[in-house]
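The next block holds one structure in the form of C-alpha cells; read it before the comments.
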Amino acid sequence: MLVSEFMLQQTQVARVTPRWEAWIRRWPTPADLAAAPPAEAVRAWDRLGYPRRALWLHRAASAMVERHGGEVPRELDELLALPGVGPYTARAVAAFAFGERHPVVDTNTRRVIARAVLGHGHPGPPSTTRDLAAMSSLLPVADAAARTFNAAAMELGATVCVARAPACDRCPIAAQCAWRAAGYPDHEGPRAPRQARFEGSDRQVRGLVMRELRATHRPVARGELASIWPDAEQLDRAIETLVGDGLAVVGDDGLTLPAA
DNA sequence: AACCCGTGGCA
DNA sequence: TTGCCAAGGGT
C-alpha cells in the first residue's frame, strides 16, 4: 500500500498498475528495497514521473529498516516522518492498510466535498487544515465505516464525479448533491493556480536527462547530453538541480544515477 | 503561501 | 495546438 500510494501521487491508476506489479515482485519488503542501489529504484520507476519519489521511497525503506524493524509504521507521526510521505499518503496508509480512523483527503475527495456538500463546481485552492476538517466532520464514527467512507469518496471522485464531465446520471448521491440542487453553478471564488507550462521548462529538461541516465549503466558525459537540449545554460541548470536532489551523481567520466 | 517537481491522456 | 488534469510532497 505504501508503494502504491507513492506511485499514485499525481499519477493515474492506469499508469501505476504495471509498475507497481513489477516493483512489488522485485522488492516485496522495505528491507529488499533498502538493500538495492537507489539507481535501480529510479530505473524501476521508469517513466512514472517525479523521479524524486523513487528516491524518497528508497530512503523511506532505509528509514523503516533502521527505525521500525523493517516494518511500515502504523502511527501517523511515524509515517509523516518518512521522506516523501505527506498528509495524504500517511493517512491513506494508516486508514487503508491499518484500518485506523483518519480523514483521508485527495484531489478526488476535495472535488466531491466541494460539489456534493458545498455546492461548488470546483474545489478552491487546497488547504490541508481546511480539507481535513471538512472530511473529518463527515466521517462515520466506526473505524470500518470510516475506512469505507474514505475509500468511497475517493472512488466516487475518480470514476463518477470527475473533473471534466461528471456522470451525474450514474451518481449514487445525485439526489443529495448541493451542486446539482443549485443548478450546477460555474465559477465559485478562487480556483487552484494553473500548472506552469511544461514545454520548454526545466522540468522537461530534467526529464530528458533522467531518461538518458536510466537508459545506460555507464557514466554519461556532459558532451553527450548536449545533444538532448539546445540551451546549454538550461541544461546545466537541470543537471545541477538533479545532482542537488541526489538523482544524479557527478563522476570523473560523467553523470550517473546514485549507486548508494 | 507560492512555487517547483515528470509524464501522459484528453477535449 | 493548447490547456486542463492527474490517489501530492518538499521547500
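Everything quoted here is computed from the prediction, not taken from an experiment. Letters A, B, ... mirror the listed sequences (proteins, then strands); counts begin at 1.
- Among the heavy atoms of the strands lying under 4.0 Å from A:T11 is at least one base atom, whether or not backbone atoms are also near.
- At the heavy-atom level, A:D202 lies under 4.0 Å from the strands shown only through sugar-phosphate atoms.
- Residue A:V104 is classed as having no contact, given no heavy-atom separation below 4.0 Å to the nucleic acid.
- The side chain of A:Q195 approaches C:dC5 more closely than any other nucleotide in the set C:dA7, B:dG8, C:dC5.
- With hydrogens and angles left out, the side chain of A:R15 and the base of B:dT7 share a donor-acceptor pair within 3.5 Å.
- Listed pair A:R47 / B:dG8 meets the phosphate criterion, a side-chain N or O lying under 4.0 Å from OP1 or OP2.
- Between the CH2 atom of A:W20 and the P atom of C:dA7 there is a distance of 18 Å, given to the nearest Å.
- At B:dC5, none of the side-chain N or O atoms of A:T241 fall inside 4.0 Å of OP1 or OP2 (strictly under the cut-off).
- Using a 4.0 Å heavy-atom distance criterion, A:P87 is classed as a sugar-phosphate-only contact.
- Going from atom CD of A:Q12 over to atom C1' of B:dT7 covers 9 Å, rounded to whole Å.
- Here A:T107 reaches the OP1 or OP2 of C:dA6: one of its side-chain N or O atoms lies under 4.0 Å away.
- Which of B:dG6, C:dA7, B:dG8 sits closest to the side chain of A:Y50 comes down to B:dG6.
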What donor-acceptor contacts under 3.5 angstrom involve side-chain atoms of residues 251-260 of chain A, with partners at least two apart or in another chain?
none

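- In this structure, CZ of A:F96 is placed 9 Å from C1' of C:dA7, rounded to the nearest angstrom.
- OP1 or OP2 of C:dC4 sits under 4.0 Å from a side-chain N or O of A:R194.
- Spacing between C:dA7 and B:dA11 at atom C1', rounded to whole Å, works out to 23 Å.
- Annotation: of the two residues near DNA chain B, A:L242 and A:P193, the 5′-most nearest-nucleotide partner is A:P193.
- Sequence order on DNA chain C of the closest nucleotides to A:L8 and A:V85 puts A:L8 first from the 5' end.
- A distance of about 16 Å separates the C1' atoms of C:dC4 and B:dG6, rounded to the whole Å.
- Separating the CZ atom of A:R43 from the C1' atom of B:dG6 is a distance of 18 Å, rounded to the nearest angstrom.
- Residue contacts shown for A:T109 are absent, as no nucleic acid heavy atom lies under 4.0 Å away.
- In this structure, CZ of A:R52 is placed 10 Å from C1' of B:dG6, rounded to the nearest angstrom.
- The side chain of A:R164 approaches B:dG9 more closely than any other nucleotide in the set B:dG9, C:dG8, B:dG8.
- At the heavy-atom level, A:P51 lies under 4.0 Å from the strands shown only through sugar-phosphate atoms.
- Using modelled atom types, one finds no donor on one side chain facing an acceptor on the other under 3.5 Å when comparing A:Y88 with A:Q9.
- With rounding to whole Å, A:R130 atom CZ is found 9 Å from B:dA1 atom P.
- Residue contacts for A:F198: at a heavy-atom cut-off of 4.0 Å it reaches a base atom on one of the strands shown.
- At C:dG8, one or more side-chain N or O atoms of A:Q10 fall inside 4.0 Å of OP1 or OP2 (strictly under the cut-off).
- Looking at heavy-atom distances under 4.0 Å, A:A92 makes no contact with the nucleic acid at all.
- Distances shorter than 4.0 Å separate some side-chain N or O of A:R111 from OP1 or OP2 on C:dA6.
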With a cut-off of 3.5 Å and sequence neighbours excluded, list every side-chain donor-acceptor pair involving residues 70-85 of chain A.
residue, atom, partner, partner atom, Å
A:R74, NE, A:E100, OE2, 2.7
A:R74, NH2, A:F98, O, 3.4

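- Surrounding CD of A:E224 are more than 12 heavy atoms belonging to other residues, nucleotides or ligands, all under 6.0 Å away.
- Checked against the 6.0 Å centroid threshold, A:W56 and A:F6 do not count as a close aromatic pair.
- Nearest nucleotide to the A:E5 side chain, out of C:dG10, B:dT7, C:dA7: C:dA7.
- Between the CZ atom of A:R197 and the C1' atom of B:dC4 there is a distance of 17 Å, rounded to whole Å.
- When atom types are taken as modelled, the side chain of A:R19 and the backbone of A:D46 share no donor-acceptor pair closer than 3.5 angstrom.
- Here A:D143 does not pair with A:R101 in a salt bridge; the nearest charged N to carboxylate O distance is not below 4.0 Å.
- Taking atom CG of A:L80 as the reference point, atom P of C:dG9 lies 9 Å away to the nearest angstrom.
- Residue contacts shown for A:G86 are limited to sugar-phosphate atoms, with no base heavy atom under 4.0 Å away.
- At a cut-off of 3.5 angstrom, the base of B:dG6 holds at least one donor-acceptor pair with the side chain of A:R203.
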